[in-house]
Amino acid sequence: MLTLFNTLTGKQEPFESIEPKQVRMYVCGVTVYDYCHIGHARSALVFDVLRRYLEYGGYRVEFVKNFTDVDDKIIKRANEQGVSCETITSRFIDAYYEDMGKLGIERATKEPKATEHIGEIIQMTERLVGKGLAYAVGGDVYFQVEKYPAYGRLSKRKLEDLQAGARVDIDERKRHPMDFALWKSSKPGEPSWPSPWGPGRPGWHIECSAMSIKHLGETFDIHGGGMDLIFPHHENEIAQSCGATGKEFARYWIHNGFVQVNQEKMSKSLGNFFTIREIFEKSKWSEAVTGEMLRYFLLSTQYRGPLDFSDQSLKEAKNALNGFYDLFNRLAETGEGVPKVEQAVRTRLDEAQRAFEAAMSNDLNTPVALAVFQTLRSDVNKLLGSGLSTQERQQAREAFRSLGAVLGLFQLERWQFGESLKGLESAVKAGQLTPMVEISDERIEQMITERREAKKQRDFKLADAIRAELASHGITIEDKPDGTSRWKR
RNA sequence: GGCGCCGUACCCAAGUGGUAAGGGAGCAGUCUGCAAAACUGCGAUGCAGCGGUUCGAACCCGCUCGGCGCCUCCA
């Protein structure tokens with residue numbers, strides 16, 4: 001039974017879908033005016049994993065994730081660069097797909113854009129005005145928070161408290177300082193659409209209400225996003241959605257914690273952020289490996305807690321994965337005709353599966369899920385020591401693959417253990433290393449055979465020289481008890 | 001000023017009232033010509049501090065200290 005922490009109730013609760021075996025969920029995506037940083041990656045990954053786990057549990061998931069493509073920051077960026085807003089948004093939507101693709105984030109079922117839902121937004125705004133929950137001033141339309149008694153329920157704030165600390169300049173035209181814009185009149189040169197209140201553009205919050213209701217219905221199961229969206233974004237979404245429909249909006253509100261750098265929130269305003277593409281560009285490892293490292297790192301802490309990003313934490317993720325892929329290499333080898341202990345492996349794999357599900361069902365406790373894999377790794381290594389048949393090896397590898405798929409881990413056929421040639425370029429340039437030359441698999445096998453001969457002749461000097469030669473090409477050797485060797489890059 | 005979060009071994013990190021998971025690093029072994037990998041053993045009488053509730057608390061309550069987030073765009 002999956003339980004999730006619901007921000008709305010402040011408690012962890014059993015998840016029950018509105019319709020059996022079907023989940024409808026909406027996640028606030030990004031505003032496309034710049035490249036995504038690791039914080040965006042974490043959020044995208046958390047909901048990607050939630051979606052995968054729901055599907056693993058047999059649910060059909062209708063997953064909607066939006067792009068905010070009309071916004072002050074986009075307009076500003078377009079003006080700075082002297083291009084259209086559309087140029088900006090399409091560039092960063094492409095970048096988003098590219099970056100998230102490298103991380104193995106699956107696409108949502110639908111990924112709507114705000115600008116494609118202006119009609120729905122206007123309709124909803126009219127509905128709110130018609131119900132007396134919103135009012136027009138000049139070309140702007142505001143939602144009147146005092147007309148919505150439950151305002152503050154999600155963020156646990158009272159209207160009075162908000163006023164006290166309001167840092168915003170008070171707009172005299174608003175009836176209450178906390179009233180927020182549903183529709184903004186547009187200034188010359190800004191994107192604009194005709195509306196009953198004159199040419200303008202949507203406010204920020206209304207787009208998510210309009211799009212989620214259009215694609216998922218007035219009441220749906222899960223609504224998610226980063227912690228910082230709780231207030232005001234999600235609070236406002238609830239007010240305007242429930243206000244308009246008179247129905248419950250989303251049942252479970254899920255929010256992920258921040259990625260930090262040196263214990264501080266990573267954000268654009270602080271300038272301490274790392275973009276996803278920057279990490280890939282600087283990585284010493286291949287794209288696939290870097291993607292999996294990042295995933296492992298991002299899942300090493302439960303999604304609601306803070307997560308500190310550093311080179312060391314990435315390195316630890318890499319080391320952990322090395323251990324798994326080392327095992328997978330061994331599992332890929334043919335098992336000798338060893339005494340059958342098949343039941344022991346099967347039993348152990350089934351236990352691990354149950355433990356994995358228990359961890360994931362506990363509010364997506366991915367650190368515990370990773371610990372389950374670690375323990376399984378250790379146990380399979382032990383069983384391997386007493387000999388496993390080819391079939392048992394395949395079963396074990398398959399268990400890692402199928403369970404790991406929920407987290408997007410352990411899917412690679414080839415893992416890169418050492419730093420790549422590309423990654424060492426700078427060291428070579430700095431004269432710290434001599435250039436390394438790519439070496440073919442055939443050549444490696446040939447050298448290993450030569451080394452084996454040398455070992456047979458007990459010419460360890462030559463054997464070690466060959467090993468050193470291979471090492472200089474980034475190849476590591478492991479000798480097996482039967483005299484043969486396995487190697488890895 | 002309001003709302004809220006966090007503080008567990010050298011590092012990362014679980015723990016949701018019943019006596020401290022897991023990983024990394026370190027040390028010591030087994031195996032090995034050596035190496036690598038793997039395996040075995042060692043590692044917090046204590047969970048920021050102080051009180052309280054309880055038969056029993058890292059977990060509940062109160063206070064203190066330290067760090068952080070939201071209240072303005074923000075994953």
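Chain naming here is simple, since letters A, B, ... match the order of the sequence lines and numbering starts at 1 in each.
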In whole angstroms, how far is the C1' atom of B:rG22 from the CG atom of A:Asn365?
-> 11 Å
The side chain to side chain contact (heavy atoms under 4.5 Å, CB included) partners of A:Ala359 (sequence neighbours excluded) come to A:Val368, A:Ala369
Under 4.0 angstrom, heavy atoms only, what part of the nucleic acid is A:His37 near: base, sugar-phosphate, or nothing?
-> base
Can you check the A:Ile230 CD1 to B:rC73 P distance for me, whole Å?
-> 15 Å
When we call it a touch if two heavy atoms are under 4.0 Å apart, what does A:Gly305 touch: a base, just sugar-phosphate, or nothing?
-> nothing
Determine the minimum heavy-atom distance between A:Cys36 and A:Tyr96, stating which atoms define it.
-> SG-CD1, 3.5 Å
When all nucleic acid strands are considered with a 4.0 Å heavy-atom cut-off, which category describes A:Ser300: base, sugar-phosphate, or nothing?
-> sugar-phosphate
Under the 3.5 angstrom rule, does the side chain of A:Asn362 hit a backbone N or O of A:Asn365 as a donor-acceptor pair?
-> no
Can you check the A:Glu264 CD to B:rC68 P distance for me, whole Å?
-> 7 Å
Return each pair, listed once, that meets salt bridge (charged side-chain N to carboxylate O under 4.0 Å, His left out) where at least one residue sits in residues 317-331 of chain A; pairs must be two or more places apart or across chains.
-> A:Asp326-A:Lys488
Closer to the 5' end of RNA chain B via nearest nucleotide, is it A:Leu307 or A:Asp363?
-> A:Leu307
Sugar-phosphate only, base, or nothing, as touched by A:Asp308 at under 4.0 Å among non-hydrogen atoms | nothing
Distance between P atoms of B:rA48 and B:rC12 (Å, rounded) | 14 Å
Would you tell me if any nitrogen or oxygen in the side chain of A:Thr301 comes within less than 4.0 Å of OP1 or OP2 on B:rA13?
-> yes
Which nucleotide, B:rG22, B:rA75, B:rA14, lies nearest any side-chain atom of A:Ala371?
-> B:rG22
Say you pick atom C1' in B:rU19 and the same atom in B:rG46; how far apart are they, in whole Å?
-> 11 Å
Under the ring-ring contact (aromatic ring centres under 6.0 Å, His included) test, residues paired with A:Tyr296 that sit two or more places apart | none
May I ask you to say what A:Gly39 touches in the nucleic acid, namely base, sugar-phosphate or nothing, with a heavy-atom cut-off under 4.0 Å?
-> base
Starting at CG of A:Leu154 and ending at C1' of B:rC71, how long is that distance when rounded to a whole Å?
-> 14 Å
Looking only at atom types and distance, does a side-chain atom of A:Arg397 sit under 3.5 Å from a main-chain N or O of A:Leu331, one as donor and one as acceptor?
-> no
For nucleotides B:rC50 and B:rG18, find the distance between their C1' atoms and express it as a whole number of Å.
-> 24 Å
Under the 3.5 angstrom rule, does the side chain of A:Arg42 hit a backbone N or O of A:Phe258 as a donor-acceptor pair?
-> yes
Determine the contact category for A:Val46: base if any of its heavy atoms lies under 4.0 Å from a base atom, sugar-phosphate if only primed atoms, P, OP1 or OP2 are that close, otherwise nothing.
-> nothing
Contacts of A:Phe309 that satisfy ring-ring contact (aromatic ring centres under 6.0 Å, His included) - sequence neighbours left out | A:Phe274, A:Phe297
Donor-acceptor contact present, side-chain A:Tyr53 to main-chain A:Glu357, <3.5 Å | yes
When we call it a touch if two heavy atoms are under 4.0 Å apart, what does A:Gln312 touch: a base, just sugar-phosphate, or nothing?
-> sugar-phosphate
Quick check: does any side chain N or O of A:Arg77 sit under 3.5 Å from a backbone N or O of A:Tyr33, one acting as donor and the other as acceptor?
-> yes
How close or far is atom P of B:rG1 from atom NZ of A:Lys158, stated in whole angstroms?
-> 16 Å
Return yes if some donor-acceptor pair links the side-chain N/O of A:Glu235 with the main-chain N/O of A:Gly152 below 3.5 Å, else return no.
-> yes
Span that lies between the C1' atom of B:rA21 and that of B:rC47, in whole angstrom | 14 Å
Using the C1' atom as the reference point in each nucleotide, state the distance between B:rU53 and B:rC63 in Å, no decimals.
-> 15 Å
Would you indicate what A:Arg157 reaches in the nucleic acid, counting non-hydrogen atoms under 4.0 angstrom: base, sugar-phosphate, or nothing?
-> base
Expressed as a whole number of Å, how far does the C1' atom of B:rC31 sit from that of B:rU45?
-> 36 Å
Closest to side chain of A:His40, choosing from B:rA75, B:rU16, B:rC3 | B:rA75
Nearest-Å distance for atom pair CG/P, residues A:Leu376 and B:rA21 = 19 Å
Please work out which residues in residues 68-79 of chain A have a non-hydrogen atom less than 4.0 Å from an atom of RNA chain B and list them by number.
-> A:Lys73
NA contact type, A:Gly225, heavy-atom cut-off 4.0 Å: base, sugar-phosphate, or nothing?
-> sugar-phosphate
Using atom P of each nucleotide, how far apart are B:rC6 and B:rC61 to the nearest Å?
-> 11 Å
Can you name the ring-ring contact (aromatic ring centres under 6.0 Å, His included) partners of A:Tyr97, sequence neighbours left out?
-> A:Phe67
Among all residues two or more places apart in sequence or in another chain, which pass the ring-ring contact (aromatic ring centres under 6.0 Å, His included) test with A:Tyr325?
-> A:Phe328, A:Trp415
What residues form a side-chain hydrogen bond (donor to acceptor under 3.5 Å, both in side chains) with A:Tyr252, not counting sequence neighbours?
-> none
Would you classify A:Ile38 as touching base, sugar-phosphate or nothing, given that sugar-phosphate means primed atoms plus P, OP1 and OP2, and contacts are heavy atoms under 4.0 Å?
-> nothing
Base-contact (B) and sugar-phosphate-only (S) positions in nucleotides 31-43 of chain B, heavy-atom cut-off under 4.0 Å, - elsewhere | --BBBBSSSS---
Contiguous Watson-Crick or G-U pair runs (3 or more, under 3.5 Å) in RNA chain B = B:1-7 with B:65-71, B:10-12 with B:22-24, B:26-30 with B:38-42, B:48-52 with B:60-64
Nearest-Å distance, CG (A:Asp228) to C1' (B:rC70)?
-> 9 Å
Pairs in or reaching into residues 254-264 of chain A: which pass side chain to side chain donor-acceptor pair (under 3.5 Å), with residues at least two apart or in two chains?
-> A:Thr7-A:His255, A:Ser43-A:Asn256, A:His234-A:His255
Are there any protein N/O atoms within less than 3.5 Å of an N/O atom in nucleotides 5-10 of chain B, and if so, which ones and at what distance?
none

Looking for any heavy atom pair under 4.0 Å, which part of the strands does A:Phe373 touch: base, sugar-phosphate only, or nothing?
-> nothing
When you compare B:rA9 with B:rG4, how far apart are their P atoms, in angstrom units rounded to a whole number?
-> 28 Å
Scan A:Lys156 against the nucleic acid and name what it touches under 4.0 Å (heavy atoms): base, sugar-phosphate only, or nothing.
-> sugar-phosphate
Side-chain heavy-atom pair A:Arg443, A:His473 within 4.5 angstrom cut-off = no
Nearest-nucleotide comparison on RNA chain B, the residue closer to the 5′ end among A:Thr375 and A:Thr31 | A:Thr375
Does the ring center of A:Phe249 lie less than 6.0 Å from the ring center of A:Phe220?
-> yes
When rounded to whole Å, the CE to P distance for the pair A:Met227 and B:rC68 reads 16 Å
